[in-house]
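Please read these numbers as outputs of a predicted model, since none were measured by experiment. Excluded from the calculations below are hydrogen atoms, water molecules and symmetry mates; all remaining heavy atoms, backbone and side chain alike, are included.
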Protein chains: 2
Amino acid sequence: MTGPGLRERKKRDTRAALARATLDLAAEHGLAEVTVEQIAARAGVSYRTFFNYFSGKEEALLRPDDGDVTFAPRLLAQDPSLPPLEAARRALREQLAVLDEDQAGWRLRLTVIAAAPELLPRLMEIGSAGEREMTEALGEFTGLDPAREPYPALLAAVLGCAVRVTLAHWHAAGAARPLAALFDDAVDTLAAGLPAPAPQIP
Amino acid sequence: MTGPGLRERKKRDTRAALARATLDLAAEHGLAEVTVEQIAARAGVSYRTFFNYFSGKEEALLRPDDGDVTFAPRLLAQDPSLPPLEAARRALREQLAVLDEDQAGWRLRLTVIAAAPELLPRLMEIGSAGEREMTEALGEFTGLDPAREPYPALLAAVLGCAVRVTLAHWHAAGAARPLAALFDDAVDTLAAGLPAPAPQIP
DNA sequence: AGCTTTCGTGCACACCGTGCAATCTTTCAC
DNA sequence: GTGAAAGATTGCACGGTGTGCACGAAAGCT
């Protein structure tokens, strides 16, 4: 049992250092004001090396881990007799639990994203490991061909939205309620056909 | 009644020429392979002038007109007693009708986008003139504060998805059915709580 | 006509992202 | 242990992007 080996460990460390440096610098000055050179300097590697790990600042900020588990196996492990929406809800709840491991980091990350709105659509690709993959998995789960029937794509897109809005609300509300509960509420609203809630009268 | 004036007209012509050149070149070679210099040359202006009209290739491709009508007035013109989903559906149907004016152009545009998937999330900002604006308008329509209640943001995001998926399907299916009909189907599915359709048995 | 405003353009600059080749380090086979 | 293979880091050079600035030309106004 030699473990992951020195090489692997150093690679992971470098990647983590670069991601962390990107996050910290972006939190301080805003992502647009930070250069790759600064990031590399803070992480202790050369400018050129940065691009051995990430294709750009964006990726370094939004995809700090590369080996994140995909959505498809989680979905296909669900009970096939469940309605698709319910099965997907359970799979995504598992996936969101990963964020709980580094709550502080993700909250900071969401702060940076909120200040750089051009990144907002990209959140779609984080919580769900990509909408295309989700579409494929839902097609398999439901037995519908995504190329012919819009249902899998629609469901995947809508769920991606639900994740994104939930994250934004969780962040805006200061994480007052746990992420999983907020996500459940959102899916409940979807399952009910998006009825208008009663206006609050404060 | 002198009309728009020579100056205005030339500006609009230049903008249209740049947008058109971007679209044509991107359709021929793929957006990533096209340089701003080529675009400017084809439109008959200088490299520098391109940036007086667009902030980059992306915008030139996805936002050919700047003065597109916003979503908010369309929504607030709807009957306030309607459910929010239904009111938004009607407002968006009006907005999508604009695309019918240049069907061929938009179908070509969608082809380019399909070949450059990193642009796909940006479609959200076209059909709906921006998700934030939609959220605000829905907050006003429902009497909910978007900062406290997630419902307006969720509805706006989901509708943006519906537009995007509808456009993708319309394009993939070769515009066999009209855009408005496809959009109606999608909203019907949403209103019904995203139930699983029967699997096709071909 | 003259005056003001606005637009087009050239120039310079910092940054981005990539290909290539040289150098150094880990790993593995002998 | 030693040396070769595999792989990571780095410097260098290059084409492309996007912006600030200043100058000239054209359009609109009086």
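The shortest distance between the side-chain N/O atoms of Lys10(A) and the OP1/OP2 oxygens of dA8(D) is not below 4.0 Å.
In this entry the distance linking CG of Leu31(B) with C1' of dT17(D) reads 13 Å, nearest Å. One can place CD of Glu33(A) at 16 Å from P of dG18(D), the figure rounded to the nearest angstrom. Look at CD on Glu37(A): it is 14 Å from P on dG17(C), rounded to the nearest Å. Between Asp13(A) atom CG and dT9(D) atom P there is a gap of 11 Å when expressed in whole angstrom units. Rounded to an integer number of Å, the gap from NZ of Lys11(A) to P of dT9(D) is 8 Å.
One finds no salt bridge joining Glu8(B) and Lys11(B) here, because no Lys/Arg side-chain nitrogen approaches an Asp/Glu carboxylate oxygen to under 4.0 Å. Here Asp13(B) does not pair with Arg20(B) in a salt bridge; the nearest charged N to carboxylate O distance is not below 4.0 Å.
Checking each of Arg177(A), Arg90(A), Arg93(A) against Asp184(A) for a salt bridge (Lys or Arg N to Asp or Glu O under 4.0 Å) leaves exactly one that passes, namely Arg93(A).
Using a 4.5 Å heavy-atom threshold, the side chains of Leu138(B) and Leu144(B) count as separate.
What you find for Arg15(A) and Asp65(A) is that their closest heavy atoms are NH2-C, 4.0 Å.
The aromatic rings of Phe51(B) and Tyr47(B) stand perpendicular to each other, their planes meeting at an angle above 60°, with 30° marking the opposite boundary.
Of the residues in residues 45-57 of chain A, those lying under 4.0 Å from DNA chain C by heavy-atom distance are Tyr47(A), Arg48(A), Phe51(A), Ser55(A), Gly56(A), Lys57(A).
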